[in-house]
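Scroll down for the structure; my scribbles are underneath it.
What you see is a predicted model, and the numbers here were worked out from it, not measured in a lab. Order of the sequence lines sets the chain letters (A, B, ...), proteins ahead of strands, with each chain counted from 1.
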Number of protein chains: 2
Amino acid sequence: MYLSVVNTIDLNTFHPQQCISGKVMRLNRKIANIFRQYLRPFGITDSQMSLLFILTKRDDLNQKQLSEMAALEKSSLNRNLNRLVDARLITKEHFPTIRITKKGLQLVQQIIPEWNKAMDETRELLDKEGMAALDVLMTKVSQK
Amino acid sequence: MYLSVVNTIDLNTFHPQQCISGKVMRLNRKIANIFRQYLRPFGITDSQMSLLFILTKRDDLNQKQLSEMAALEKSSLNRNLNRLVDARLITKEHFPTIRITKKGLQLVQQIIPEWNKAMDETRELLDKEGMAALDVLMTKVSQK
DNA sequence: ATTAAAAAGTTGTATATACAACTTCCAAAG
DNA sequence: CTTTGGAAGTTGTATATACAACTTTTTAAT
């Protein structure tokens, strides 16, 4: 039957192991698994940590700017921020500017040592080459 | 006050832009955004596609094996599979073995050309160096 | 063959994420 | 100053993901 012939041809030259999306998803899950272990005691997620980290360094950002910096869709960002507001780690008091609170800053201080441990464990896993490779990738996906 | 001195010291030597987790999350979102565009017409997600791709090549896998291959927690895998079962793209008829259905195979056939377009667009974004970098990273995170 | 322990699979729950649609806000044109 | 159009922000909905706890299945020991 013609269709099965076509199917056979296609699938023989089909190499899904090369899928970039599949690779990046796996990479993301594995790295997230490492960081999650270290963040667990703080009741915070990796994504929330990223936002707190940004807001630790900048206190003049609105949601639009944050969403670009975090590469997060505006609605995803909005909900993530609301969870941090609920936890009193950030505030919308200076709306539309988002600010980290004292409590948030203190939490970041507490997290940093564990974050360093997660970074060390991950650096060991990735080696020098892997770390450099990640920076190459970030340069590529970040260039406008 | 002593605490604020400590805070100042910590935060000045704190470089969250180096966070590996943050980088990988951003990378993941950006790559996923590309693939999602091409997959939209098929009503399928990147994660579902990955599973269908595996099952296109292998018809002897149980959930445990699939979860390891996909780097997915067993409960996450279970639910993703159930969505594919609901869509009649895979079947649990040969439980515990998971098999792709004829409908699933046909969908993969249809997806391949669009997947190739997504791969091309992503290859262009990442360049030769980015592609090689991704493979370096996958080697690192995959070694037992 | 029976049963106890381990492995595999499932379900409850919470956060993460994106798209679409909606609301609110702001700035420019008149 | 008012209006209006676009940008920013919010909400509805669906899938993705993981952990904990539970059920089912398989395996091993007697």
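Looking only at atom types and distance, the side chain of B:N80 has a donor-acceptor partner in the side chain of B:R83 under 3.5 Å away. Between the side chains of B:N33 and B:R36, at least one donor N or O lies within less than 3.5 Å of an accepting N or O.
Note that CG of A:D60 and CD of A:Q65 are 6.5 Å apart. Values are rounded to the nearest 0.5 Å.
Atom pair A:L77:CG and C:dC19:C1' shows a separation of 15 Å (rounding to whole Å applied). Atom NZ in A:K30 sits roughly 20 Å away from atom P in D:dA16 (whole-Å rounding). Here the P atom of nucleotide C:dA6 and the NZ atom of B:K64 are 15 Å apart, to the nearest Å. For B:I31 and C:dA18, the CD1 to P distance is 13 Å, given to the nearest whole Å. A straight line from CZ of B:F35 to C1' of C:dT17 spans 18 Å, rounded to a whole angstrom. Taking atom CD of residue B:E68 and atom P of nucleotide C:dA7, one finds them 12 Å apart after rounding to whole Å. Here the P atom of nucleotide D:dT26 and the CD atom of B:Q65 are 14 Å apart, to the nearest Å. Going from atom CZ of B:F95 over to atom C1' of D:dT24 covers 8 Å, rounded to whole Å.
Distances shorter than 4.0 Å separate some side-chain N or O of A:Q37 from OP1 or OP2 on D:dC19. Phosphate proximity of D:dT17 to A:R36: absent, as no side-chain N or O sits under 4.0 Å from OP1 or OP2. Proximity of A:Q48 to the phosphate of C:dA16: a side-chain N or O atom is located under 4.0 Å from OP1 or OP2. Put simply, A:Q63 has no side-chain N or O that comes within less than 4.0 Å of OP1 or OP2 on D:dA7. When the side-chain nitrogen and oxygen atoms of A:N80 are compared with OP1 and OP2 of C:dT15, none of them lie within a distance under 4.0 Å. Between B:N33 and C:dA18 there is a side-chain polar atom (N or O) within less than 4.0 angstrom of OP1 or OP2.
No option in B:L107, B:L89, B:T91, B:I98 other than B:L89 meets the side-chain contact (heavy atoms from CB on, under 4.5 Å) test with B:L84.
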Filtered N/O pairs between nucleotides 11-14 of chain C and protein, under 3.5 Å:
from	atom 1	to	atom 2	distance (Å)
C:dG12	N7	B:R79	NH2	3.0
C:dG12	O6	B:R79	NH2	2.3
C:dT13	O4	B:R79	NH2	3.1

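Contact check on B:K117 versus B:D120 returns no salt bridge, with no Lys/Arg side-chain nitrogen under 4.0 Å from an Asp/Glu carboxylate oxygen. A:E129 has a carboxylate O that lies under 4.0 Å from a charged side-chain N of B:K140, or vice versa, which qualifies the two as a salt bridge.
Judged by closest nucleotide on DNA chain D, B:D46 is the one of B:D46 and A:R40 placed further toward the 5' end.
Of the possible polar contacts, none joining the A:R29 side chain to the B:L72 backbone as a donor-acceptor pair under 3.5 Å is found.
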